[in-house]
Amino acid sequence: MSIWQNLLFIGTVIIGAFLALRIQINNRTVLKAMLSFSGAYLLSITFLHLLPSVYETGGFQVGFFILGGFILQLLLELVSKGVEHGHIHAHRHARPAFVWQVLLGLCLHSFLEGMPLGTGHYHGAADSNQMNLFYGIIAHKIPEALALVLLLRASDVKASLIYLMVFVLAIMTPAGALLAEFIEPSPLVASYI
C-alpha cells in the first residue's frame, strides 16, 4: 500500500474519533446511518467484485476459507463485543479488562482486514478490486472508531487513554497490509487471505 493510503486509514480513524467526541453519547442516529452505508457498500463489493475474483484464482477451495473467515469474525465479535458493527453496551466504570478486551478485538479485526490490501494479489495501475476493497474498509473505519470512542466515553475512560487507543486502532490496518507485503504470498494464498 502507498503512503497516502496508510495516511488515509489513520486519518479516517481519527475523523471517526473526533466525531464521537463531538456528538452526544445517546445520539446514535449518525452511527447507525454510517454503519448502514458502510455495511451495504462492503456487502455489494464483496458479491460483485471480490468473490468472483477469488473464486477465479483459488477455485472451489476458497469457500472453505470464506467459511473460516465467517467463523473467525464471530470469534472476534465475542472479544470486541461487536463494537466494530455499532453494538455499544457500556456501563459507567466498566472493568479495565473489558475496555482492553474490546480494543484487542477491534485491533485484530483491523489487522486482518488490512492483510488483503498488502498481498500483492491485486497488481496493476488502478485495479478496481483492490480500490473497491480499500474504499470499503475506509468507509468502515469512521463508524468503527466512532463506536469505540462512544463506548469508551460511556465507560468513563480517561481522555488520554482514549487517544492512545484510537492511535493503536488507527495503525492496525496499515500494519496488517505491511505484514502481507513482507510475506509476499502467492496468488493462490493471496486469494485465500
Side-chain angles (χ1 to χ4, degrees), residues 1-17 34-35 37-59 61-77 79-80 83-86 103-148 165-193:
M1 276 190 349
S2 68
I3 291 174
W4 75 267
Q5 288 173 315
N6 288 318
L7 291 175
L8 192 55
F9 275 120
I10 293 168
T12 53
V13 171
I14 292 170
I15 288 169
M34 293 172 83
L35 284 166
F37 171 77
S38 68
Y41 184 78
L42 280 169
L43 190 62
S44 67
I45 65 168
T46 298
F47 285 120
L48 297 175
H49 299 285
L50 299 177
L51 286 178
S53 175
V54 296
Y55 271 105
E56 183 179 317
T57 305
Q61 298 93 338
V62 167
F64 296 114
F65 289 92
I66 292 171
L67 181 60
F70 280 119
I71 292 169
L72 180 60
Q73 178 58 38
L74 289 173
L75 294 173
L76 285 174
E77 284 192 21
V79 176
S80 70
V83 170
E84 69 273 19
H85 299 125
L103 181 65
L104 175 67
L106 285 176
C107 286
L108 287 171
H109 176 89
S110 293
F111 186 83
L112 292 172
E113 73 187 2
M115 289 186 74
L117 295 173
T119 60
H121 176 62
Y122 304 113
H123 280 296
D127 185 89
S128 65
N129 283 338
Q130 183 183 23
M131 292 312 292
N132 282 327
L133 180 60
F134 172 76
Y135 290 125
I137 294 172
I138 286 290
H140 183 58
K141 287 289 155 202
I142 292 175
E144 181 180 78
L146 199 138
L148 173 65
M165 291 179 156
V166 166
F167 175 74
V168 169
L169 179 64
I171 62 172
M172 283 295 116
T173 301
L178 186 64
L179 177 67
E181 284 177 19
F182 179 74
I183 294 171
E184 295 183 15
S186 69
L188 180 65
V189 173
S191 68
Y192 296 158
I193 292 173

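Nothing fancy with the numbering, it's 1 onward along the sequence.
Side-chain contact between Ile66 and Leu51 is present, with at least one heavy-atom pair separated by less than 4.5 Å. Considering only heavy atoms from C-beta on, Phe167 stays 4.5 Å or farther from Ile14 through its side chain.
For the atom pair CG (Leu133) and CD1 (Ile138), the distance works out to 10.5 Å, reported to the nearest 0.5 Å. In this structure, the separation between OG1 on Thr173 and CG on Leu8 is 11.0 Å, given to the nearest 0.5 Å. Here the CG atom belonging to Leu117 is positioned 4.5 Å from the CD1 atom belonging to Ile137, to the nearest 0.5 angstrom. With rounding to the nearest 0.5 Å, the separation of CD in Glu77 from NE2 in His109 is 8.0 Å. Interatomic distance, CD1 of Ile171 versus CG of Leu178, reported as 11.0 Å (0.5 Å rounding). Rounding to the nearest 0.5 Å gives a distance of 12.0 Å between CD1 of Ile15 and CD1 of Ile10.
Residues that satisfy the ring pair (Phe, Tyr, Trp, His ring centres under 6.0 Å) test with Phe134, not counting sequence neighbours, are Trp4, Phe9. Applying the ring pair (Phe, Tyr, Trp, His ring centres under 6.0 Å) criterion to Tyr135, with sequence neighbours excluded, gives no partner residue. Scanning for side-chain contact (heavy atoms from CB on, under 4.5 Å) contacts around Ala139 gives Phe37, Ser38, with sequence neighbours left out.
Within a 6.0 Å sphere centred on CG of Leu74, heavy atoms belonging to other residues, nucleotides or ligands number more than 12.
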Exercise for the section: Could you give me the CA-CA distance, side-chain angles and deciding distance for Gln5 and Met131, then say whether side-chain contact (heavy atoms from CB on, under 4.5 Å) is met? Expected result: CA-CA 10 Å; Gln5 288 173 315; Met131 292 312 292; 3.8 Å; yes
Handout entry: Verdict with reasoning, Glu144 to Leu169, per side-chain contact (heavy atoms from CB on, under 4.5 Å)
Key = CA-CA 10 Å; Glu144 181 180 78; Leu169 179 64; 4.1 Å; yes
Exercise for the section: Under the side-chain contact (heavy atoms from CB on, under 4.5 Å) rule, what do Leu112 and Leu76 come out as? Steps first, then yes or no, please. Expected result: CA-CA 11 Å; Leu112 292 172; Leu76 285 174; 4.0 Å; yes
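The two residues Met115 and Ala180 make their nearest non-hydrogen contact at O-CB, 3.2 Å. Nearest heavy-atom pair, Glu184 versus Glu181, reported as atom, atom and distance to 0.1 Å: CG-O, 3.0 Å. Pairing each heavy atom of Val168 with each of Cys107, the nearest pair is CG1-SG, 3.7 Å. Listed here is the closest heavy atom pair of Val62 and Val54: CG2-O, 3.4 Å.
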